[in-house]
Structure formats: structure tokens, C-alpha cells
Amino acid sequence: MLDSARVNSVSCFARCHHGMLYYDSKRFPKLVHPGLKNKNLLLEQIDACHKRGIRVPVYTTIQWDYHMSRLHPDWCCMTADGGLVDSCEELINQIYEPGFYRTLCVNNPDYRQFLKDHIQDLFQALTPERIDGIFLDIVNVVDCSCQHCVDGMLKLGYDPTDKQDRTAYAVQMLKEFRLEMTAFIKNLKEDITIFITEDISDRLR
Ligand SMILES: [Zn+2]
């Protein structure tokens, strides 16, 4: 169908907002979706597309991973009043409602390391030859008061009690995150496209 529609590139997902994986992970086998009968779903999707000359950038999520946010609440962004940031305005912190909008802080070194381990694992599972590009989704400016962000702000002379300063720091920190992740991915494969979503909501500024 993609071929007859003359599609030349399609993103396929490696990991979703619930934190499940859709490839045969060696590093994180417990994160593979329990209902996934064919663990090579992503790999076979890529091969089927490549056979028809269609590129397949691989999608993964950055700030929304509900599973990790439940396992590691200390990896989540923190509000100025000490709560956890939840991007779903209608269901803020409603643990028993369906959703996945609790927001993870990429300034947390343990979560950033997990993201790198996951991407490396993906390259091992699929082989670099199969990966045309990486799509890092949900990379938004977040007003975060977690200890890592507070420490970062103090180091650079920002006032963590000031919302504008927190936002300015978040913008700067995300730039550094994008550069670091880009270098990390390019190190795994030089000839690759990298797409990172930009925050266009402007709602925090
Ligand atoms: Zn933070």
C-alpha cells in the first residue's frame, strides 16, 4: 500500500509513550510489549520498506515514557510546588486514569543514560545498516524544579525561584541535550538523519 501510494519515507516506532519496546531487545527484554507476538515487528517493517526503496526513520519517545515515570518518579520533572509535571491538563496526576503524560527530565543523568542505552540497544537489534534515521519525539521546554535542574541553574547564575529563569534555563539545557544526543547517534552511524521535535507550543514562555 505504501508503495502504490508512492510513499518514499515512513517513520516506524521502536518505543511508545507507555514505555514498551517493539523490537527484540537484548538489553531490556522486560520492556518488550508483552502482547507482541512477532518480536521482529520493527525489523521486518524496515526490511519490507527497504525492498521497495522506502526509507524508514525509527521513532522513539523522549519525555513521555509512563512506565519509567512510575518506576522512577525521581526521573520526572518537578513543579515549583514540589509535584510531578504532568502535561495532560485535564487529568493532572490522576494515577488511576489512563494516560502517559507524566514528563521525564532529560537533565537527569540516569534517565539520559537510559535513553542512550536504549538507542544503542536499538542499533544492536536492528544493525546500523537498517537504520536510515532516528526520530526523537517529545522534546519540549519544561518548567522543571528537579534537583538536577536547580543545580544547573545555580551553576549558570539563574534564579531557580523565578519562572522566567527556569524557562530560559530549560531552553539552554535542551539545546545541550540535542547536541549531546546528536553526537551520540552520529557516533553509532555517521550517515543518518536525525529529527528532534521542537517545542512550538510556546505555552511556557
Ligand atoms: Zn529537571
Side-chain angles (χ1 to χ4, degrees), residues 14-21 27-28 31 59-95 97-122 134-187 194-205:
R15 172 163 150 264
C16 69
H17 296 323
H18 296 283
M20 303 287 104
L21 303 179
R27 180 98 190 242
F28 306 105
L31 296 182
Y59 175 103
T60 192
T61 174
I62 298 297
Q63 288 167 327
W64 291 345
D65 178 323
Y66 197 64
H67 183 67
M68 284 303 164
S69 78
R70 295 288 286 149
L71 278 186
H72 301 283
D74 55 314
W75 291 2
C76 292
C77 294
M78 185 177 275
T79 60
D81 56 5
L84 300 183
V85 172
D86 194 319
S87 304
C88 181
E89 278 158 20
E90 301 81 52
L91 291 172
I92 288 181
N93 295 333
Q94 296 296 307
I95 290 294
E97 297 295 330
F100 49 76
Y101 297 101
R102 192 147 274 187
T103 306
L104 290 145
C105 184
V106 296
N107 209 18
N108 182 303
D110 294 331
Y111 184 51
R112 200 179 285 201
Q113 188 58 50
F114 167 76
L115 289 171
K116 288 178 178 173
D117 291 344
H118 155 57
I119 291 170
Q120 193 160 32
D121 177 53
L122 185 62
I134 294 285
F135 176 1
L136 305 180
D137 193 27
I138 315 297
V139 183
N140 298 324
V141 174
V142 179
D143 172 3
C144 181
S145 292
C146 84
Q147 194 58 47
H148 300 286
C149 287
V150 169
D151 289 347
M153 282 184 259
L154 291 174
K155 207 169 148 193
L156 294 174
Y158 288 104
D159 175 4
T161 66
D162 183 277
K163 186 182 166 73
Q164 274 191 336
D165 268 24
R166 291 197 300 271
T167 305
Y169 173 73
V171 170
Q172 189 174 342
M173 185 275 289
L174 275 190
K175 269 187 200 152
E176 172 265 317
F177 170 76
R178 286 192 192 96
L179 288 172
E180 187 175 316
M181 294 307 284
T182 299
F184 179 78
I185 294 167
K186 290 273 182 188
N187 196 39
I194 299 172
F195 182 81
I196 306 177
T197 44
E198 293 271 344
D199 181 16
I200 53 167
S201 67
D202 221 32
R203 70 193 159 88
L204 288 166
R205 281 166 218 167

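In this chain, residues are counted from 1 in sequence order. One-based numbering, in listed order, for ligands and for the atoms of each.
For K186, there are no salt bridge (charged side-chain N to carboxylate O under 4.0 Å, His left out) partners two or more places apart in sequence or in a different chain. E180 meets the salt bridge (charged side-chain N to carboxylate O under 4.0 Å, His left out) test with R112, K116; sequence neighbours excluded.
Residues T60 and L136 form a side-chain contact, since some pair of their non-hydrogen atoms from C-beta on lies under 4.5 Å apart.
Pairs engaging residues 71-80 under the side-chain hydrogen bond (donor to acceptor under 3.5 Å, both in side chains) rule: T79-D81 [sequence neighbours left out].
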Stepwise ring pair (Phe, Tyr, Trp, His ring centres under 6.0 Å) check, Y59 with F135:
CA-CA 5 Å; Y59 175 103; F135 176 1; 5.0 Å; yes

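Each of I196, V106, T182 was scored for a side-chain contact (heavy atoms from CB on, under 4.5 Å) with F177, with one residue passing: V106.
Taking a cut-off of 2.8 Å, the protein N, O or S atoms nearer than that to the Zn ion (ligand 1) are C105 SG, C144 SG, C146 SG, C149 SG.
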